Structure formats: C-alpha cells, structure tokens
Amino acid sequence: MLSKNEWSPLKSVIVGTATKAKIPPIDKSLRCVNYAGEKNLNNIPSGNYPQVVIDKANEDLEILCNFLKKENITVYRPDNFPETNYYNYCPRDNVLVYKDKIICSPQPLRARKNEYLNLQNILKKFANNIIHLQTERKDDLYNEKCVDNQHILALTETEPAFDAANILRANDDILYLISNGGNEAGADLLQETLGTSATIHKVKGVYSFMHIDSTITFLREGLVLLNPARVKSIYDLPSFMHNWDVIWCPQPYDIGHYPGYCNASAWLNMNLLSINENLVVLEQHQHKLRDELEKYKIDCAMLPGRHQRTLGGGFHCVTLDIERKA
Ligand code: NVA
C-alpha cells in the first residue's frame, strides 16, 4: 500500500539524482524562498553545480541504492526528461504520497514548477489519478522583507504554496511546517484535498527556513527525534505528540560543504531515512546520534553523503517513499 507514515517497512522508493543539478538565475522566488538568510546577493551562486560535486553525490546515491536493493526494496530513479531547471536530487520536495493519493505540491519556486514531470513515469504506476495542486507564483506571493529577518516569512498568503518536504506523516496525523517553503494557505488546501483522511497540524514559530526534516524526525508511533536548537519542548508541537517519547538530537558532526555552495545546516544529520522501526540510514559520521538511536533498539546503516549540505538534502530529502507495508 502507499506510504502513510515515515517508519513502516519500506517496500519501494524513489532515489534522486544529482545529474544536471543547477542553481537557476536569481528571481524573486529563489531570493526569498531559498536565500532569505543570505544578506549579500553576490554570495548566491548560479549555474551548474561543480561537476565534482555532482559526481561524488551520484556515487553516494548509488551506494544508497545498492543498500536499499539488498534490503529487498524496489528502487526507482527520476528521468532527466525534460531537462531540469533546478535538480532532481530531492524528489521529497515535489510530491506527497499519502494513503491512496499522490499529490504534486504547489512548488513555491518558479524554477521547480515542472520538476514533478521527471517523476511522473514512476508515479503513474502507483495511482491512476495524480493530483496537481495549482498555484500561480505571482510576485505578491513573495515578501522580500524576509531577507535577513527570520521573523518575516518568505511567503505571503495570497495563494497556496508549499514544498512537500515541509510535511511529515504519522498515519492519520500530518505535520506541516509553516516556513519559507510552505504557507498557511498551502496547509489549508492540503487539508481540503485530503478531507477526513488526515488531520493537518500546522507547526508554527519553530523554524523559518526550508523544510521540516532537519527539525523533527518521526521514528515510529510514539517516538520522535527533535532538534534541540529549534524545538524547546514537546509541548511546542501538536497535542497528539504530547505523550510521545523524545530523543533530543546530539550536536551533529559537521560534514561541511563545497566552498561557496551551502544549502543546509549541519542538522541535516537528523535527515535520516527509515527502513523500518528498527533500522534507519544515517550519514556515516553521525556516531553520537547512532548511539542515541541504539538505546531505542534502532540500528543504523552508516552511509556516505558527502555533498548533502552542498546540495541541500540528506537521506530523507533525496528519497520519496512510495510503498510501505501496513
Ligand atoms: N533547511 C534545513 C534542511 C532541511 C532538509 C536546514 O538547513 O537545517
């Protein structure tokens, strides 16, 4: 069955590719959504990622694919047609798989609006009707006052917009991070689309920048990994989690990034992929986190992800779980 949480035994998954990864020319959407934290426009790179980054990232993705295949998980890869304007490294950003639905998110970045096309041939195998949530990405969706001010979000509420990586699924409950990558109108549209099959819980005031999956990580029903630099108490999170056990993530080992290209914090160590309740894929240097997870009988496959920070995606981001066993 299609995946409806982050932890049931994984059956099939899309793994991204770094091939043709690029940073598009700067426009209002890219400036606000991706680079609100960067004051100086001159520090924002543009064009193709260095080939050495692409090659090493692809080598590491290949290692991930081989590991998954050995676990008897079916692996799909995006195609590069039409050629991407951004990248196909993080399929998690574009699509939400949930119960009987596959939903293409109303991407806030103009350059990424068609990225789902590179996944479409795979997704069609799993749902007759792929839902495309629409947005126009007009100029007034973006608020340039967000630059250098974490208290002002990049997206206004003039139309719905979100990256699917602002979402985590826990069966009937879904967390949706209100952030530079997802507005409230997007959460409301998603709730309308899912109807009574899920309750969307908006997570607000926790983390302004892109995506939820270096802040909160679901490990199984009743067990969550939290980022202590961003979440102060489980009571800052929706009430269905208040009786859950918490693992406070230890300080990450900083794997660094290619000079001039930094698209994620060192907290990407939390961005793990769950194979099942007792096995996750973790970046190979994160020994302190492994020790914490082992206390809860969660084994860790320690795999390389040398350019995770450069390209802005750990093992959760670079995958999209399609089927998990019930
Ligand atoms: N923007 C997040 C990464 C999300 C995968 C961070 O830098 O921590």
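Nothing here was measured: the structure is a model prediction, and the numbers come from that model. When a ligand or atom number is given, it counts from 1 through the structure's own listing order.
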Return the closest protein heavy atom for atom 6 (C) of ligand 1 as residue, atom name and distance. Y207 OH, 3.1 Å
Min N/O separation H211 to ligand 1 under 3.5 Å: no
Partner of E292 under side chain to side chain donor-acceptor pair (under 3.5 Å), chosen from K295, R290, K288: K295
I'd like to know if the side chain of Q308 reaches the main chain of L268, judged simply by a donor and an acceptor atom lying under 3.5 Å from each other, with no hydrogens or angles considered. no
Are W267 and Y207 close enough that their ring centers fall under 6.0 Å? no
Please confirm whether R230 approaches ligand 1 to less than 4.0 Å, judged on its heavy atoms. yes
Any atoms of ligand 1 less than 4.0 Å from a non-hydrogen atom of D213? List them with their elements. 4 (C), 5 (C)
Ligand 1 to A264, heavy atom cutoff 4.0 Å, flagged ligand atoms 7 (O)
Short N or O distance, F209 and ligand 1, threshold 3.5 Å exclusive: no
Among all the protein's non-hydrogen atoms, which is closest to atom 4 (C) of ligand 1, and how far away is it? M210 O, 3.5 Å
Taking the six-membered ring for Trp, are the ring centroids of H307 and Y261 within less than 6.0 Å of each other? no
Please check if atom NE2 in H132 has more than 12 non-hydrogen atoms from other residues, nucleotides or ligands closer than 6.0 Å. yes
Kindly state whether the ring of Y176 and the ring of H201 have centres lying under 6.0 angstrom apart. no
Can a salt bridge be assigned to the pair D254 and R309 using a cut-off of 4.0 Å between side-chain N and carboxylate O? yes
One finds that the ligand 1 atoms under 4.0 Å from a non-hydrogen atom of S214 are 2 (C), 3 (C), 4 (C), 6 (C), 8 (O)
Using the six-membered ring wherever Trp is involved, compare the ring planes of W244 and F218 and label them parallel, tilted or perpendicular (cut-offs 30° and 60°). tilted
Ligand 1-proximal atoms of N263, by part, heavy-atom distance under 4.0 Å: neither
Does only the side chain of C317 get under 4.0 Å from ligand 1, or the backbone, or both, or neither? Count heavy atoms. side chain
Record the part of L268 in heavy-atom contact with ligand 1 below 4.0 Å; permitted values are side chain, backbone, both and neither. side chain
Students should be able to answer this: which protein heavy-atom is nearest to atom 7 (O) of ligand 1, and at what distance? S265 N, 2.7 Å
Which of the atoms of ligand 1 are close to N271, meaning less than 4.0 Å from one of its heavy atoms? 5 (C)
Check whether the ring centres of F67 and F315 lie less than 6.0 Å apart, and answer yes or no. no
